[in-house]
2 protein chains.
Amino acid sequence: MLDERKMKILSAIIDDYIATAEPIGSRTIARKYHIGISPATIRNEMADLEELGYLSQPHTSAGRIPSNKGYRFYVDFLMPSRKLDDYEQSIIKRLLKKRAKELEELIEEAGKVISKLTSYTAIILGPQLESSRLKHVQIIRLEEKKGLMIIVTNYSTVSHHIIEIPQNLTDSDLQRISNALNSSLAGKALEDITQDVMNSIKDDMIEYDNVLNFLLDLLMENLDDTKENNRVYASGSSKMLEFPEFRDVERARNFLSLMEKHDLIIRALKTSCKPNNITVTIGSENPWSEFQELSIVTTGFFVEDKNLGICGIIGPTRMEYSRVFSILEKVTDYLNKAISSLL
Amino acid sequence: MLDERKMKILSAIIDDYIATAEPIGSRTIARKYHIGISPATIRNEMADLEELGYLSQPHTSAGRIPSNKGYRFYVDFLMPSRKLDDYEQSIIKRLLKKRAKELEELIEEAGKVISKLTSYTAIILGPQLESSRLKHVQIIRLEEKKGLMIIVTNYSTVSHHIIEIPQNLTDSDLQRISNALNSSLAGKALEDITQDVMNSIKDDMIEYDNVLNFLLDLLMENLDDTKENNRVYASGSSKMLEFPEFRDVERARNFLSLMEKHDLIIRALKTSCKPNNITVTIGSENPWSEFQELSIVTTGFFVEDKNLGICGIIGPTRMEYSRVFSILEKVTDYLNKAISSLL
DNA sequence: TTTTAGCACTCTCGCATAAAGAGTGCTAAA
DNA sequence: TTTAGCACTCTTTATGCGAGAGTGCTAAAA
């Protein structure tokens with residue numbers, strides 16, 4: 001563990017580097033942060049901190065910048081906790097006031113708020129509907145052979161699928177089948193609706209034997225679609241180009257094309273996130289090379305204590321962690337409230 | 001009008017500039033394109049072309065680059081028409097094979113194909129549902145006071161809205177109201193469903209007088225929502241950073257943040273597009289300053305001769321117009337077919 | 001009259017050199 | 001243990017210079 005003075009110096013260096021993106025020298029520390037020791041002493045301490053792996057030097061005669069280990073120590077022990085200012089408060093509060101009617105809207109809105117307030121890229125994953133319960137399923141006829149299968153969950157998400165209707169079914173058949181499906185499936189968690197459950201329905205409705213297989217298979221398929229609706233809401237990626245980290249076009253391009261690879265993002269966020277806490281993955285802590293120079297901050301959002309999705313922020317490792325934490329915390333807090341008031 | 005030789009030279013310069021992004025000198029023209037005259041003569045012609053406004057010079061001792069007027073002339077008169085190669089053909093054909101079940105999917109897919117093949121940003125606007133016909137409307141109860149209103153058009157688009165259901169309505173009331181709405185509204189174009197039409201329904205169903213107003217207002221509102229579903233599908237904007245035009249981060253940032261301003265994009269595309277032709281708006285031909293350095297190529301896509309939306313490409317003014325035209329033409333051609341086979 | 005060769009001129013780009021500035025590490029004194 | 005002093009390193013910025021590319025003009029050739 002570092003002693004008091006080293007921590008003070010490390011903290012000052014990281015704060016300054018986050019603010020300026022320039023390597024920090026001993027003189028700067030002595031001048032700006034009044035620790036009461038001379039640059040020479042600070043230099044010695046800095047050499048120690050470098051040897052311990054918390055700092056590094058871009059070249060011999062430059063100042064120091066934090067290493068990933070340095071950021072990690074900062075986030076875990078040094079980072080000041082921070083209150084939201086009035087502006088941030090008011091923007092976040094509006095989230096709850098918007099009174100969105102559907103979950104997706106709300107989630108998208110939350111993403112926009114996060115990217116607006118932090119200037120980093122907001123990523124939201126979800127809603128993950130495995131643990132949601134089926135509220136309603138209905139088949140409506142549109143044409144002779146074409147129908148609409150509608151699946152509503154208790155989280156107020158609706159998904160619809162255009163399906164083919166077997167020839168010989170009348171409207172009242174469809175209604176009866178819908179009713180039967182509802183009475184046996186409504187209230188069940190999506191993840192619990194397995195092939196077995198489906199089979200037991202078949203036994204109850206032997207009258208429709210010939211067509212039911214077909215419809216149940218369709219329903220199963222559509223439920224799967226609904227479940228794995230792992231949508232990625234990304235917002236504010238163009239703002240990232242304002243950071244000096246992306247002054248190099250090649251880097252900017254890499255970042256932007258990474259943002260278009262939703263599978264990589266989903267994997268990285270899921271790996272990073274422990275839903276109940278706010279977690280940070282700093283640079284090379286992330287196992288995939290695409291994220292080496294980036295940090296990911298994530299936390300889960302919930303409904304009825306079930307993890308519904310992940311709120312995340314992707315930015316350069318030189319990130320204003322303190323600000324990001326405070327904002328992300330508050331936004332998910334409000335998002336949780338907004339979601340439960342939606343149901 | 002330009003004489004034969006000037007056109008040859010202008011054409012050579014623009015072709016070369018589109019390929020290399022470097023100013024072209026008289027020697028290059030003489031060497032690469034065998035027009036059979038010496039650099040000195042070409043120089044004279046180039047000076048003329050500059051005076052006429054078709055070319056410009058970045059600085060005194062540089063080669064020439066095309067002006068907007070030059071590009072315009074090129075697109076209107078000089079541009080070679082071009083056949084698609086096998087690769088392009090096969091990618092586009094897959095569009096039709098995909099057999100998407102819904103219009104939105106299809107449109108999104110078309111956007112991806114365009115951006116993949118051109119490397120420019122694809123923008124698709126639509127579907128515009130004003131002229132679509134209502135195929136089905138239904139209200140389903142989800143809870144005591146909560147229901148789902150579903151609107152299906154003859155273009156197979158589905159939109160749903162969670163609504164509040166007046167207390168005193170039974171399920172069979174809902175069904176009866178749904179039926180009544182269907183029989184009086186189904187088959188009508190969305191744009192023809194006006195307040196007057198709604199009022200005449202009220203007359204037919206005086207029994208529900210007290211709640212009907214409320215539901216009809218909701219329906220009206222939701223129909224409006226459905227109509228103005230002016231979604232922007234943008235795809236491939238990160239690829240644009242590969243072009244030397246965006247080697248400057250500031251420009252790249254401007255471009256990317258423009259791509260996030262969907263209202264500006266909608267306005268620009270709508271202004272630019274004459275649905276029945278493929279149209280180009282080059283640089284400052286676009287009235288809004290944000291697009292000064294960009295060109296927009298657009299064309300409409302249709303269903304049953306009704307304009308359903310706009311397919312467009314946004315790229316630097318130094319765009320491979322010939323390639324873009326051929327691809328855009330073919331994609332909308334296939335898109336039109338795919339849409340009509342969807343119905 | 002049109003085309004071309006020749007040539008002086010202009011401007012950019014790359015490169016080397018130099019000076020300035022920032023910061024370090026080491027040594028020796030406080 | 002801390003600090004002042006100093007030599008040293010490395011980057012950044014400015015400057016100058018030559019090479020290269022391209023032009024416009026003039027005068028000769030076709």
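In this text the structure is predicted, and so the values were computed from the model without any measurement. We name chains A, B, ... by the order of the sequence lines, and we start the count at 1 in each one.
- Residues Glu250(B) and Arg253(B) are paired through a salt bridge, judged by an N-O separation under 4.0 Å between the basic side chain and the carboxylate.
- Between Arg251(B) and Glu293(B) there is a salt bridge, with a side-chain nitrogen of the basic residue lying less than 4.0 Å from a carboxylate oxygen of the acidic one.
- A straight line from NZ of Lys6(A) to C1' of dT2(D) spans 14 Å, rounded to a whole angstrom.
- Here the P atom of nucleotide dG20(D) and the NE2 atom of His59(B) are 17 Å apart, to the nearest Å.
- Arg5(A) has no side-chain polar atom (N or O) that falls below the 4.0 Å cut-off from OP1 or OP2 of dT1(D).
- When atom types are taken as modelled, the side chain of Asn277(B) and the backbone of Thr279(B) share no donor-acceptor pair closer than 3.5 angstrom.
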Determine, stepwise, if the pair Lys239(B) / Lys116(B) fulfils side-chain contact (heavy atoms from CB on, under 4.5 Å). CA-CA 9 Å; Lys239(B) 272 195 202 160; Lys116(B) 178 170 186 181; 4.3 Å; yes
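- Taking the nucleotide of DNA chain C with the nearest heavy atom to each of Ile24(A) and Asn44(B), the more 5' of the two is matched to Asn44(B).
- Look at dA28(C): its Watson-Crick or wobble partner, with both distances under 3.5 angstrom, is dT3(D).
- Evaluation of atom-type donor-acceptor distances gives no pair under 3.5 Å for the side chain of Ser38(A) against the base of dT3(D).
- Counting non-hydrogen atoms under 4.0 angstrom, Ala62(A) reaches the backbone sugars and phosphates but no base.
- Once you apply a 4.0 Å limit to the heavy atoms of chain B, the touched nucleotides of DNA chain C run 5' to 3' over dT3(C) to dT12(C).
- Using a 4.0 Å heavy-atom cutoff across all strands shown, Thr41(A) reaches at least one base atom of the nucleic acid.
- Using a 30° and 60° split on the angle between ring planes, Tyr54(B) and Phe73(B) fall in the perpendicular class, above 60°.
- Residue pairs meeting the side-chain hydrogen bond (donor to acceptor under 3.5 Å, both in side chains) criterion with at least one partner in residues 71-84 of chain B, sequence neighbours excluded, are Asp15(B)-Tyr74(B), Arg72(B)-Asp76(B), Arg72(B)-Glu285(B), Arg82(B)-Glu88(B), Arg82(B)-Ser326(B).
- The partner of dA18(C), taking Watson-Crick or G-U wobble pairs whose two distances both stay under 3.5 Å, is dT13(D).
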